[in-house]
Amino acid sequence: MKRLLLAFALILATASVAAAKPRPGPPPKPPQPHWAIVIHGGAGVITRGKMDAPTEAAYRKSMSEALAAGETVLKGGGTAQDAVETVIKRLEDDPLFNAGRGAVFTAEGRNELDAAFMDGRTLSAGAVARVTRTRHPISLARTVMAKSKYVFLTGEGADQFAKDNGLEMVDPSFFFTERRWLELTRELNEQHLVIPPRPAGAPQLSELSGVQADDHRFGTVGVVALDTHGDVAAGTSTGGLTAKRWGRVGDSPIIGAGTYASNQSCAVSGTGTGEYFIRLTVAREICALVQYKGMPLQKAADEVIQKRLTAMGGDGGIIAVDPAGHMAWSFNTEGMYRASGAWNQPDRVAIFKDEK
Ligand code: ASP
């Protein structure tokens with residue numbers, strides 16, 4: 001009898017809810033208020049003495065605009081995946097960074113681009129290495145994740161997959177910048193290696209003036225984000241290391257090394273000398289400490305970067321976020337281009353080591 005009465009009451013309640021007219025007012029609230037995003041633009045020998053004021057201002061502006069673009073996605077209830085791709089696409093188009101346009105050159109004078117993308121909700125992942133004609137390698141990595149049965153595509157095949165899936169294709173000279181070319185020639189001179197001819201389609205040197213090579217060895221870009229649905233995602237995009245040879249691929253596109261995301265622990269993107277990050281599986285290692293040892297995110301990041309990476313002689317840094325909205329960064333270099341924002345914290349943009 002009691003059960004019957006209960007069932008009756010339930011039916012009545014449901015009917016009255018269904019009959020209620022939709023009331024005008026604000027759109028439905030997102031499932032939770034928490035969102036967070038952290039961005040890096042590479043780590044390396046970045047000191048105040050080595051950077052002039054206009055260059056510093058340009059980096060800060062670019063980082064804070066990229067952050068704002070990611071925050072707009074997340075505040076609007078968009079996914080962490082969309083925030084990661086949106087921000088990285090911007091940075092790939094920005095010649096300040098070693099990703100997409102502005103990528104460093106191989107010893108043969110080519111731009112060979114690597115990227116990875118990971119969804120923390122499903123552990124789906126996509127990665128590409130040595131692409132030369134796809135404008136946005138990060139979108140290609142995401143497309144590999146979403147539309148292929150594979151995780152990792154390389155070279156010509158990866159570019160072909162991009163074309164087949166309607167991604168924007170460009171001439172390889174699109175990625176050329178004079179600054180990176182100067183860096184290459186300087187590096188090859190130091191190594192007593194032959195300087196290749198300027199790539200076909202590159203602008204004539206006389207058309208440019210005032211270009212300076214810089215000492216920032218890195219410039220890889222990465223983003224980690226938490227969305228209001230409680231999901232994390234990570235992405236990384238890079239041109240790799242200047243004067244790389246023999247088809248060298250670094251950590252950025254290797255899942256678990258330079259890029260990792262799991263709702264069970266955290267999302268991480270790294271930057272630095274990839275060979276160390278690969279051997280230490282840096283990104284996964286940080287998440288494993290969180291997942292299995294219950295370490296707080298910052299502590300896990302410092303454990304791997306400040307202790308293990310440093311002990312091995314490696315250099316670089318990481319950014320991270322977890323599903324509770326904790327954010328972290330850790331680096332053992334002079335500086336790292338970095339920015340963060342969250343639902344409960346003011347935006348931060350920083351470059352040098354001593355900045356909080
Ligand atoms: N980690 C990248 C690589 O080794 C380089 C970088 O972060 O700048 O390819």
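All ligand and atom numbering here is 1-based and tracks the order in the structure.
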| request: Measure the shortest side-chain to side-chain distance between Tyr260 and Met118 over non-hydrogen atoms and say whether it is less than 4.5 angstrom. | output: yes

| Considering Gly272, Gly250, Gly240, which one's heavy-atom position lies nearest to atom 2 (C) of ligand 1? | Gly272

| said: Evaluate Phe161 against Asp164 for side chain to side chain contact (heavy atoms under 4.5 Å, CB included), listing each step before the verdict. | reply: CA-CA 5 Å; Phe161 181 80; Asp164 293 348; 5.5 Å; no

| query | So is Arg248 close enough to ligand 1, meaning a heavy atom under 4.0 angstrom away? | reply | yes

| request: List every atom of ligand 1 that sits less than 4.0 Å from any heavy atom of Thr271, numbering the atoms from 1 in the order shown and giving each element. | output: 6 (C), 7 (O), 8 (O)

| Atom indices of ligand 1 within 4.0 angstrom of Gly219 heavy atoms, with elements | 8 (O)

| query | Polar-atom distance check: Asn98 versus ligand 1, any N or O pair below 3.5 Å? | reply | no

| Would you call the rings of Phe97 and Tyr337 parallel, tilted or perpendicular, where under 30° means parallel and over 60° means perpendicular? | perpendicular

| said: Quick one, Val249 and Asp114 - any side-chain contact, counting heavy atoms below 4.5 Å? | reply: yes

| query | Asp114 to ligand 1: N or O pair under 3.5 Å? | reply | no

| task | Tell me, please: is Gly258 in heavy-atom contact with ligand 1, that is, under 4.0 Å? | result | no

| note | If we number the atoms of ligand 1 from 1 as shown, the ones under 4.0 Å from a heavy atom of Thr220 are 2 (C), 5 (C), 6 (C), 7 (O), 8 (O)

| Quick one: CD on Glu285 to CD on Glu303, what's the gap to the nearest 0.5 Å? | 8.5 Å

| Non-hydrogen atoms of Thr134 and Ala162 that approach each other most closely | OG1-CB, 3.4 Å

| Glu168 and salt bridge (charged side-chain N to carboxylate O under 4.0 Å, His left out): which partner among Lys89, Lys163, Arg135? | Arg135

| request: Return a yes/no value for Asp251: is any of its N or O atoms, backbone included, closer than 3.5 angstrom to an N or O of ligand 1? | output: yes

| said: Please tell me whether Glu108 and Thr106 have a donor and an acceptor in their side chains that are separated by less than 3.5 angstrom. | reply: yes

| task | Tell me which part of Ala43 gets within contact of ligand 1: side chain, backbone, both or neither, using heavy atoms under 4.0 Å. | result | neither

| request: Show which atoms of ligand 1 fall inside a sub-4.0 Å distance from at least one heavy-atom site of Ser252. | output: 1 (N), 2 (C)

